[in-house]
Amino acid sequence: MSRRGTVSVNRRGGWRAVGVPVLVAALLLGACGTPRSGVLGAAPTAPPHSTPPAGGPTSAPTPPSGPPQSPVATRTAPRPPAPTAATRRADPVTIELWYVRNGLLVPTRRTRPATLTTSRLALTELAAGPTPAEAATGMVTLLPAGVEVTRITDGVATLGPVPSGNDPAERRRLREAQVVWTLTQFPTVRQVRFPGGAPVGRADYPDLLAPIVVTAPSVGERVTAPLTVTGTADVFEATVSIRVLDAAGREVATGFGTASCGSGCRGAYRLVVGWRTAREQHGTIEVYEVSARDGARINTVVVPVILAPTGS
């Protein structure tokens, strides 16, 4: 710890009686002597100034150089106005859409500007149908345009009329499942009520999910290594396997993990896999189950993606 600089004076002896002249002389000699402790430096002096000639006018002080300072320049700048709804840019929101492929539900995602009516946005995107890349994998939508949520009360979203025509019951049920799984991603919705029916939820359509569902990445997404693949599965011993193929179909990475439940129950899984590639190219993510009977790949989900170069 540093010590502050101090000046100390040691006093020795005591006073003794002396005459007044002797005392005055001693004081004068002490004033001219050297300090007994430390060097304090020279005392500050007043700045030099000129003395005006006797009887002459006193010169005015020289103004400081540079442009004159305006009093307005010292004022605090006004705060900019707060952004309004017209000037504020909405943050994007990512929503999950559930389409149909081979008679089962399959999810994908869309990122759109945020809106207060996310349920309307979700149904609009669901009715718009898959992208060309998604359609190439077999995805379709069964929901017609114009279906809207009329109200949400106590966790139940009530829908307006849903045109069905002469669709068979199986097709109508798939369409309802699309809507239910899409709307119940929002925390304010737990069930959906269709016209003339009782509220239904995800638990009413357990048979419409494939043994393995991939929620991320989405079809056509540009992905980097290491990649995290998520979803749900109901597979033997809860074991989920993954492999990554490059544009030439070569296997560039493999891995496996376990879902939170399996062999008769559905659980969530999260797999992380890495690869090395020098250029951006089309690739494929395959998530599958290894058959307990012969070791073959079964219940495979294929997700076409764009493989980014390693390190990008």
Side-chain angles (χ1 to χ4, degrees), residues 94-111 122 126 130 134 137-139 155 157 173-192 199-221 223-245 251 253-275 283-305:
T94 299
I95 56 176
E96 198 172 74
L97 305 175
W98 288 80
Y99 289 127
V100 175
R101 182 170 60 200
N102 298 327
L104 297 172
L105 297 176
V106 56
T108 189
R109 293 178 296 175
R110 297 283 186 274
T111 299
L126 190 64
E134 292 166 345
T137 68
M139 292 188 192
R173 187 165 178 266
L174 265 174
R175 179 172 53 243
E176 291 177 358
Q178 276 190 263
V179 174
V180 169
W181 277 80
T182 298
L183 290 182
T184 52
Q185 70 184 288
F186 305 118
T188 55
V189 180
R190 297 188 305 273
Q191 292 180 307
V192 177
V200 290
R202 292 191 174 191
D204 294 287
Y205 308 95
D207 56 313
L208 296 184
L209 292 180
I212 297 177
V213 172
V214 178
T215 55
S218 297
V219 171
E221 184 176 338
V223 298
T224 57
L227 171 66
T228 299
V229 180
T230 59
T232 64
D234 180 0
V235 293
F236 178 70
E237 293 185 345
T239 302
V240 182
S241 299
I242 183 174
R243 67 175 188 157
V244 181
L245 308 178
E251 188 178 274
T254 61
F256 69 93
T258 56
S260 58
C261 189
S263 295
C265 61
R266 181 169 294 274
Y269 67 84
R270 181 178 183 273
L271 308 176
V272 179
V273 64
W275 64 87
T284 305
I285 308 295
E286 290 187 357
V287 185
Y288 57 93
E289 174 186 3
V290 176
S291 172
R293 184 177 60 184
D294 56 9
R297 290 188 295 271
I298 60 174
N299 297 320
T300 303
V301 178
V302 177
V303 183
V305 294

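Once rounded to the nearest 0.5 Å, the distance linking CG of N299 with CZ of F236 reads 13.5 Å. The CG atom of L183 lies 13.0 Å from the CH2 atom of W98; values are rounded to the nearest 0.5 Å. In this structure, CG on D207 lies 9.0 Å from CG on L105, to the nearest 0.5 angstrom. The distance from atom CD1 of I212 to atom OG of S241, rounded to the nearest 0.5 Å, is 8.0 Å.
A donor-acceptor pair under 3.5 Å is formed between the side chain of S260 and the backbone N or O of A268. Between the side chain of Q185 and the backbone N or O of E96, at least one donor-acceptor pair lies under 3.5 Å. E221 contributes no side-chain N or O that, together with a main-chain N or O of V305, makes up a donor-acceptor pair within less than 3.5 Å. In this structure, R270 contributes its side chain and T230 its backbone to no donor-acceptor pair below 3.5 Å.
Among all heavy-atom pairs drawn from G103 and L208, the shortest one is O-CD2, 4.2 Å.
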Handout entry: From CA spacing to verdict: side-chain contact (heavy atoms from CB on, under 4.5 Å), I242, I285
Key = CA-CA 7 Å; I242 183 174; I285 308 295; 3.9 Å; yes
Handout entry: T232 vs R266, side chain to side chain donor-acceptor pair (under 3.5 Å): CA-CA, chis, key distance, verdict
Key = CA-CA 6 Å; T232 64; R266 181 169 294 274; 3.0 Å; yes
Exercise for the section: Test side-chain contact (heavy atoms from CB on, under 4.5 Å) on V287 and Y269 and set out the steps. Expected result: CA-CA 11 Å; V287 185; Y269 67 84; 3.9 Å; yes
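Residue-environment remark: CZ (R190) stays at or below the threshold of 12 foreign heavy atoms within 6.0 Å. Atom OH of Y205 has more than 12 neighbouring heavy atoms from other residues, nucleotides or ligands inside a 6.0 Å radius. At most 12 non-hydrogen atoms from other residues, nucleotides or ligands lie less than 6.0 angstrom from CG of N102.
Residues R101 and E134 are not paired through a salt bridge, judged by the lack of any N-O separation under 4.0 Å between the basic side chain and the carboxylate.
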